[in-house]
Amino acid sequence: MRKKIVAGNWKMNLNLQEGVALATELKAALAADKPNCDVVICTPFIHLATVADVVKNTVIGLGAENCADKEKGAYTGEVSAAQVKSTGAQYVILGHSERRAYYGETAEILKEKVNLALANGLKVIFCIGEVLEEREAGKQNEVVGAQLADSLFDLTDEQFANIILAYEPVWAIGTGKTATAEQAQDMHAFIRGCIAGRFGDAAENVSILYGGSCKPSNAKDIFSKPDVDGGLIGGAALKCEDFKGIIDAWK
Ligand code: PEP
């Protein structure tokens, strides 16, 4: 049975004190009302070690939003997968469309990052998704299929077992425009088919999350689809009540 997951992506929001306050509030909310899914928060690097202490021995998993494509050494300002792991984090988001678009992360760079993250014992939340022009041209399957193949298809079955996928149509991220539940299901089924073609039965076990303006009011509808295993949540992960509302969509 594949896991249901709701993961938050805080992006470059919240200072350390605000981040600790949000994690503390979420911890209390989920202790009082246990979730029916795995819950992960992905925070800026500087929050990780402190938030790791807050969420220790709770149902909340912790992840980074990125890691370096180099193992270690003279790469000023970078943070390695090993350093992420040493904070107590268990996950890392890779391939987010903002990293691809603003920081020039190519499929090759992402392949390096994925390998290093897995080698250091992190689970990877790997993001894929088309931009608006690609969807309007009917090219979304081609684009997403290539993103999967170019960065993940050289993994072994054992490595792939630690991958979580997040389908995030770029036109729906932070725009208030959500894919319809049907659009999400169509793409998730396509993705699962691509994974089946390369990794066989692992396709049934890989969790595929939807991301893009997911909120308490639309999460239940989207999560009700058979190939949608949860969500990667941006804006709505910054308020405990909203994030908890999405987690509760699994109830
Ligand atoms: C994201 O950036 O991963 C995301 C899904 O953002 P939002 O929920 O704000 O659209």
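For ligands, and for the atoms within them, numbers begin at 1 and follow the listed sequence.
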Check your understanding: Between Gly234, Gly8, Gly231, Gly174, which one has a non-hydrogen atom sitting closest to atom 10 (O) of ligand 1?
Key -> Gly174
**Study point:** Minimum-distance pair of heavy atoms, taken over all atoms of Leu22 and Ala237
**Key:** CD2-O, 3.5 Å
Study note, to complete from the structure: With heavy atoms and a 4.0 Å threshold, my read on which part of Asn9 contacts ligand 1 is side chain
Exercise for review: Check whether any side-chain heavy atom of Lys4 sits under 4.5 Å from a side-chain heavy atom of Asp229, and report yes or no.
Suggested key: no
Practice item. Would you mind running through ligand 1 and noting each atom that sits below 4.0 Å from a heavy atom of Ser213? Key: 7 (P), 8 (O), 10 (O)
Exercise for review: Could you tell me how the ring of Trp10 sits relative to the ring of His47: parallel (under 30°), tilted (30 to 60°) or perpendicular (over 60°)?
Suggested key: perpendicular
Exercise for review: Could you tell me which non-hydrogen atom of Gly174 sits nearest to which non-hydrogen atom of Ser213, and how far apart they are?
Suggested key: N-OG, 3.8 Å
Check your understanding: Can you tell me the protein heavy atom closest to atom 5 (C) of ligand 1 and the distance?
Key -> Glu168 OE2, 3.1 Å
Study note, to complete from the structure: ligand 1 to Gly212, heavy atom cutoff 4.0 Å, flagged ligand atoms 5 (C), 10 (O)
Review point. Which atom pair, heavy atoms only, marks the closest approach of Lys85 to Leu122?
Key: CD-CD2, 4.0 Å
Review point. Can you find a side-chain donor-acceptor pair between Glu130 and Tyr167 that sits under 3.5 Å?
Key: yes
Review point. Is the shortest distance from a heavy atom of His96 to ligand 1 less than 4.0 Å?
Key: yes
Review point. What do you reckon, does Leu232 have a nitrogen or oxygen under 3.5 Å from a nitrogen or oxygen of ligand 1?
Key: no
Review point. Heavy atom under 4.0 Å from ligand 1: found in Ala172's side chain, backbone, both, or neither?
Key: backbone
Review point. With no hydrogens and no angle check, do the side chains of Lys113 and Asn66 hold a donor and an acceptor under 3.5 Å apart?
Key: yes
Check your understanding: Which heavy atom of the protein is the closest neighbour of atom 9 (O) of ligand 1, given with residue, atom name and distance?
Key -> Gly235 N, 2.8 Å
